[in-house]
Amino acid sequence: MNRRKISSIEIYNNKFYLGAVMDFLDAIAANHTSHDFSRYNRLRYVVGELLRRRIDNAYPGTKGAILFEIYLTDEYVEVSIKDKGVPVWTDFAYDKEHIDTSNEEAMQNFLMDFMVDGFGIEKLGKDGQRIYVRMNILHKIAFKKPEPYPDIEVLDTNITIKPVETYEDAIEAIRCIYSEYGYSYSYEKLYYIDSFMAAIKNKELMSFLAVNEHGQTAGHFALAFSDTFRNMPEISTVVTRKEFRGLGLFAKFMDYSMEIGRKHGFRALMGQPVAFHPFSQKAFLRAKFTATSVLLAYIDSAIESEYNPNKQRLDLFASVKLLDSSAHSTLYPPKEIRAFTDGIFAKLGCSYELRDDEKMSESTAVNIETSSRMKSTKILLMSAAEDLEHILLDAVKDSLKGHNEMIEIFISMNDPSCGYAYRTAKKCGFSFSGLLPGSEKADYIVMQILVGSDCSYDHLVTVGEFEEIRKDIVRLNS
């Protein structure tokens, strides 16, 4: 049955995380329930109620971890909630043969059981237990492998860019992505027509095709949105078919992205040029993007690329183009990187204020997400309190148990606890990777741990500002 994990996230037993986890479920699972939203809402209600109960009951009077996972098979979507707390079966027991209608919780459990297609518990011994709920996939659409592009004769080079709006457009975009990445691209929705179109409809993605006057597809690119980088989409899935290379299409894609960004009121755009050849770096620099960070080992080793014959994790840079001239940032940079921060924001051209009144927060606001597909852990830290070191060490330990290869942390620079968070992350083994400024949610410090190896920058292929940023980061980590 080809059961595979789509994604996972680990939280602590705090109701603060409940909304975020449900948003995570919406983003990942909704498109896999046959687009029948009444069925999905039933699944969502049951999952929300079970998660609420585990947050309330799993670790009475103490803190503990709860792992939330989403699986997919050809037959059903499965949502799993796993923890090592108080036995889970006490949360929703009821007698199927004799329903006690006077017992509100028993009635609720009875109804929840009938709202989904599968409902169960697994006892995992020393690893605790897990609840799972399943919703069958109806009206399944067989996935057809995209037809590879044949070699063609280019009939004209008058290229225009059009948005992906129809199913036929989506099929062509999928063919284009497949021609470059095979099935290895991390954003799995891009390989399924229905979920591709749903991502566009839900404003998770804006997708564009480059075509000539004879209707031949020359390339594809997209703007990908995320809450972490709110109102700062990433220019992604850039593909130029080999027959159309040398025509400056990458630069054309950059210009069109900026035109779209200004039209829609985006605060900024993010670009992630690769660090194993200079061509995309030069394109971003020509478009006046500012180099801001080095993202080591960022692309999973499974990625299919002519530049990755040895199947190693690949490196990227991050760069930002500010579009909103009225944007202002109040920053609390650690003294260790204050001059570096000043330099980056001066190049961005935005209004900013550097503050030095550092103080620890009363509570830690953190989100930890693990991607088994990317073999990585992402930590989003908005504020830091004295428990941060314990949280980070636990996250690193859990990531190692999961055989992840890269751990990253994004620290908000807009909170006075930023300096404390930076030094605590250093203490826990993280290396400084640079900044990722520009989103409406926060301006971030980026730090990384590469599991099993040190952060080395000597092998990177760099030009211009990207070489300058590499040298600065080497110096700040020495």
Side-chain angles (χ1 to χ4, degrees), residues 5-30 40-41 43-71 77-86 88 91-92 112 127-133 226-230 360-372 376-399 401-402 404 407-412 414-415 417 421 424-425 428 439 441-442 444:
K5 182 157 63 174
I6 300 176
S7 198
S8 64
I9 185 171
E10 186 172 276
I11 64 170
Y12 289 99
N13 55 324
N14 187 320
K15 286 184 179 177
F16 170 84
Y17 299 111
L18 184 57
V21 173
M22 298 313 293
D23 289 344
F24 176 76
L25 178 67
D26 290 342
I28 301 297
Y40 174 68
N41 284 334
L43 173 69
R44 191 183 194 279
Y45 169 79
V46 172
V47 170
E49 178 60 19
L50 291 174
L51 182 60
R52 181 193 64 77
R53 293 188 190 184
R54 293 315 295 157
I55 288 173
D56 286 345
N57 302 337
Y59 302 98
T62 187
K63 184 168 79 170
I66 299 173
L67 182 62
F68 186 89
E69 299 172 301
I70 303 172
Y71 293 86
V77 180
E78 178 183 292
V79 180
S80 165
I81 301 168
K82 186 181 346 181
D83 63 71
K84 297 181 182 179
V86 172
V88 67
D91 280 3
F92 60 95
M112 285 198 300
D127 292 324
Q129 61 275 310
R130 79 176 188 112
I131 320 168
Y132 63 84
V133 294
S226 73
D227 184 61
T228 301
F229 305 110
R230 192 178 301 153
M360 191 186 301
S361 180
E362 292 183 359
S363 61
T364 297
V366 64
N367 183 52
I368 302 172
E369 178 181 336
T370 295
S371 170
S372 56
S376 63
T377 295
K378 172 184 168 184
I379 303 169
L380 181 64
L381 184 65
M382 302 305 292
S383 63
E386 61 184 354
D387 61 346
L388 177 62
E389 183 176 353
H390 172 73
I391 291 170
L392 293 184
L393 290 174
D394 278 353
V396 171
K397 180 173 66 176
D398 291 343
S399 189
K401 285 181 181 177
N404 286 335
I407 309 167
E408 61 182 340
I409 182 169
F410 295 91
I411 301 172
S412 170
N414 311 114
D415 189 86
S417 63
T424 302
C428 293
S439 82
K441 184 164 187 170
Y444 299 105

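All of these numbers come straight from a predicted model, not from anything done at the bench. Worth knowing before you read on, the calculation uses all heavy atoms, side chains too, and leaves out hydrogens, waters and symmetry mates.
Annotation: the span from Ser363 atom OG to Glu386 atom CD amounts to 11.0 Å, rounded to 0.5 Å. In this structure, the separation between OG1 on Thr377 and CD on Glu10 is 9.0 Å, given to the nearest 0.5 Å. Expressed to the nearest 0.5 Å, how far OG of Ser417 lies from CE of Met360 amounts to 8.5 Å. Remark: Cys428 SG to His390 NE2 distance equals 11.0 Å, nearest 0.5 Å. With rounding to the nearest 0.5 angstrom, the CE atom of Met382 is 9.0 Å from the OG1 atom of Thr228. Annotation: the span from Ile70 atom CD1 to Ile6 atom CD1 amounts to 6.5 Å, rounded to 0.5 Å.
The two residues Glu69 and Ser8 make their nearest non-hydrogen contact at CG-CB, 3.7 Å. Considering every non-hydrogen atom in both Ile411 and Ala421, the closest pair reads CG2-CB, 3.7 Å. The minimum heavy-atom distance between Ile368 and Ile9, with the atom names listed, is O-CG1, 3.1 Å. Summarising the geometry of Ala425 relative to Leu392, their closest heavy-atom pair is CA-CD1, 3.9 Å, with the distance given to 0.1 Å.
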Going by atom type alone, with no hydrogens or angles, which donor-acceptor pairs under 3.5 Å involve a side-chain atom of residues 11-18 and a protein atom two or more places apart or on another chain?
unit_1	atom_1	unit_2	atom_2	d
Asn13	OD1	Gly64	N	2.8
Asn13	ND2	Thr62	O	2.9
Asn14	OD1	Phe16	N	2.8
Lys15	NZ	Asp56	OD1	3.4
Tyr17	OH	Val366	O	3.4

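No side-chain heavy atom of Tyr444 sits less than 4.5 Å from a side-chain heavy atom of Ile409. In this structure, Asp394 and Lys63 have side chains that are not in contact, with every pair of non-hydrogen atoms separated by 4.5 Å or more. Leu388 has its side chain within reach of Leu381: a pair of non-hydrogen atoms, C-beta onward, lies under 4.5 Å apart.
Counting only distance, with no hydrogens or angles, the side chain of Tyr59 and the backbone of Lys84 share a donor-acceptor pair below 3.5 Å. Panel note: side chain Gln129, backbone Asp83; a donor-acceptor pair is recorded below 3.5 Å.
At a cut-off of 3.5 Å, with distance as the only test, a side-chain donor of Thr364 or Asp387 sits close to an acceptor on the other residue.
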